[in-house]
Amino acid sequence: MKKFSSLFLVSLLSGAITLGTYKLLFDSNGYFSNNKSGLVTVASENYGRTVGLSAETVDFTEAADKTIHTVVHVKNVSRKSISNPILEYFYGYGGQQQQEQIGTGSGVIISEDGYIVTNNHVIKDATEIEITLNNKKSYTAKLIGTDSKMDIALLKINADEKLPYTVFANSDSVKVGEWVLAVGNPYNLTSTVTAGIVSAKARNLDTSGIQSFIQTDAAVNPGNSGGALVNTRGELIGINTMISSTTGSYVGYSFAIPSNNARKIIEDLMEFGNVQRGVLGVEGGELNAIASKELGVTQTQGFYINKVSKNSGAEKAGLQKGDIIIQLDEQKVATFADLSGYINTKRPNDKVQVTFIRDGKNKTAPVTLSKNEFFTTEFKGIEVENIDAADKKAFKIDYGVKIKSINNENLEQYAEELKGNIILSIDNVKASNIEAVSKIFKNRDEKQSMRIEMINKNGEIFRIII
């Protein structure tokens, strides 16, 4: 009996210790309680179980099946004449030979009658373009038109059947974090599908400042250029264009031209035969902490207007130096890529509601976009404008800016001789267009001398120093 009593007492004490420990550590106010406030928060049991990433929630198979039949393989064949240095050395002539070069890429069928969009760099300098469909049928393509600035080209094939094609989605509605598929022909591996998310929007990787890319982490490699970037419904949101890599292969990020920009270019090429690019008529730069401090403004996002172009829509609407553009229609503007990307979806004479900050107050003004050819800039008393189609044909050139007027006293006696000449380069920098020339002028001091190469009305190239 005594032994039983001792055993009972030990059991009772053990139970008490166990219960006390539970109360101390795990009860509603215990140390490990979910209700206890402190530095450590313990997740509830159902935390993280409804993130929406299960196989039942995200299914790429339908989008992939839709898209692979609309993406084509593009073969670019170019032939160049080269001279043979051995024949030239021994016999005094080069012995011209034809050398064939082949490049490959991807394209996207956008209509059942055979229109195909791809990158300009995929078909550049091609003497022959061959398209191979997903069903292995091949066709010779006709080049309809290109836009080298936005790196878009439009092709056409005459197929013996109605073709599957992709539909365009609104790329402005694409959200960061959204699932996307990249479809193309990397390394000549046809119908390759990779998945990723939208990493960022409105990326500007182009020195001319007119590009506005969608950035993704879907794997893109050489050969993917010109292929489709689609959403989970198989709708086109971009044309895969480039990768950012030191090795030449995919290392984490790829970039696509937004579908809204591509669609506008395609429609222009179909309707007008060239790209109708509207101009807002402002120069300046995007704001950040450093720029805002230097300019003495509190706003750290938006586009700061440093100059308003003469006779532009911006000038007529009353925009001024010092205004900060924060929105175009319903599109927020935080960077220059936001602004340029939206304007590139518009044409001359389109109206855009511009919201800007002036003296700390938000204002909105309707701006009618100007035609690119009417955009001018001036430096050292030389006013220049973009060349038009007639100038390109007359001078047999595809770039340059025309001298519109001379207001420089030192050049006044040569004014009539210089007016109408085409400037080709400034200090050995190509004068592609007004935007490029404005950038050159922006980085020059008025007192610095400049070496200008130009072509006169007789087609003669000469150089002057001013």
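Position 1 is the first residue of the sequence; numbering continues from there.
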Problem set entry | Validation row: Lys321, Asn306 side chains within 4.5 angstrom (heavy atoms) | yes
For this session: Answer with yes or no whether the side chains of Asn260 and Thr345 bring together a donor and an acceptor at under 3.5 Å.
Result: no
Exercise. Under 3.5 Å, is there a donor-acceptor pair linking the side chains of Tyr399 and Asn386?
Worked result: no
Show every donor-acceptor pair shorter than 3.5 Å between a side-chain atom in residues 349-357 and any protein atom, with sequence neighbours excluded, or say none if there are none.
unit_1: Asp350; atom_1: OD2; unit_2: Arg347; atom_2: N; d: 2.8
unit_1: Thr355; atom_1: OG1; unit_2: Thr364; atom_2: OG1; d: 3.3

Exercise. So does Glu383 pair up with Lys310, basic N to acidic O under 4.0 Å?
Worked result: no
Exercise. Are Ser312 and Ser370 close enough that a side-chain donor and a side-chain acceptor fall under 3.5 Å?
Worked result: no
Exercise. Does CD belonging to Gln301 count more than 12 external heavy atoms closer than 6.0 Å?
Worked result: no
Exercise. Do we see a donor-acceptor contact under 3.5 Å between the side chains of Asn120 and Asp147?
Worked result: no
Exercise. For Ser292 and Thr300, does a side-chain donor sit closer than 3.5 Å to a side-chain acceptor?
Worked result: no
For this session: For Glu267, look at atom CD and say whether over 12 heavy atoms of other residues, nucleotides or ligands are found less than 6.0 Å away.
Result: yes
For this session: Give a yes-or-no answer on whether the side chains of Tyr342 and Asp329 include a donor-acceptor pair shorter than 3.5 Å.
Result: yes
Exercise. Do the non-hydrogen side-chain atoms of Ile129 and Thr140 ever get within less than 4.5 Å of each other?
Worked result: no
Problem set entry | Pair Arg451 + Asp427, salt bridge at N-O below 4.0 Å | no
Exercise. Looking only at side chains, do Lys156 and Asn158 share a donor and an acceptor under 3.5 Å apart?
Worked result: yes
Exercise. Thinking salt bridges, do Asp268 and Lys264 make one under a 4.0 Å N-O criterion?
Worked result: yes
For this session: Taking the side chain as every heavy atom from C-beta outward, state whether Ile116 and Ile131 have any atom pair closer than 4.5 Å.
Result: yes
For this session: Report yes or no: do Ser225 and His121 form a side-chain donor-acceptor pair below 3.5 Å?
Result: yes
For this session: Can you establish whether the number of heavy atoms outside Glu330 located under 6.0 Å from its atom CD is more than 12?
Result: no
Exercise. Would you say Ile397 and Ile422 make side-chain contact, with heavy atoms under 4.5 Å?
Worked result: yes
Exercise. Is there a donor-acceptor contact under 3.5 Å linking the side chains of Asn134 and Ser191?
Worked result: yes
For this session: Look at atom CZ of Phe395 and say whether more than 12 heavy atoms of other residues, nucleotides or ligands are closer to it than 6.0 Å.
Result: yes
Problem set entry | Side-chain heavy-atom pair Asp113, Leu163 within 4.5 angstrom cut-off | no
Exercise. Would you call Ile239 and Thr118 a side-chain contact if the rule is heavy atoms closer than 4.5 Å?
Worked result: no
Exercise. Do Phe168 and Leu236 touch side chain to side chain, with heavy atoms closer than 4.5 Å?
Worked result: yes
Problem set entry | CG/Asn135: more than 12 non-hydrogen atoms of other groups inside 6.0 Å | yes
Exercise. Taking side chain as C-beta onward, heavy atoms only, is Ile325 less than 4.5 Å from Leu339?
Worked result: yes
Problem set entry | Test item: side-chain donor near acceptor, Ser106 and Asn185, under 3.5 Å | yes
Exercise. For Asp338, what residues pass the salt bridge (Lys or Arg N to Asp or Glu O under 4.0 Å) criterion, not counting sequence neighbours?
Worked result: none
Exercise. Does Lys75 reach the main-chain N or O of Thr132 with its side chain, forming a donor-acceptor pair under 3.5 Å?
Worked result: no
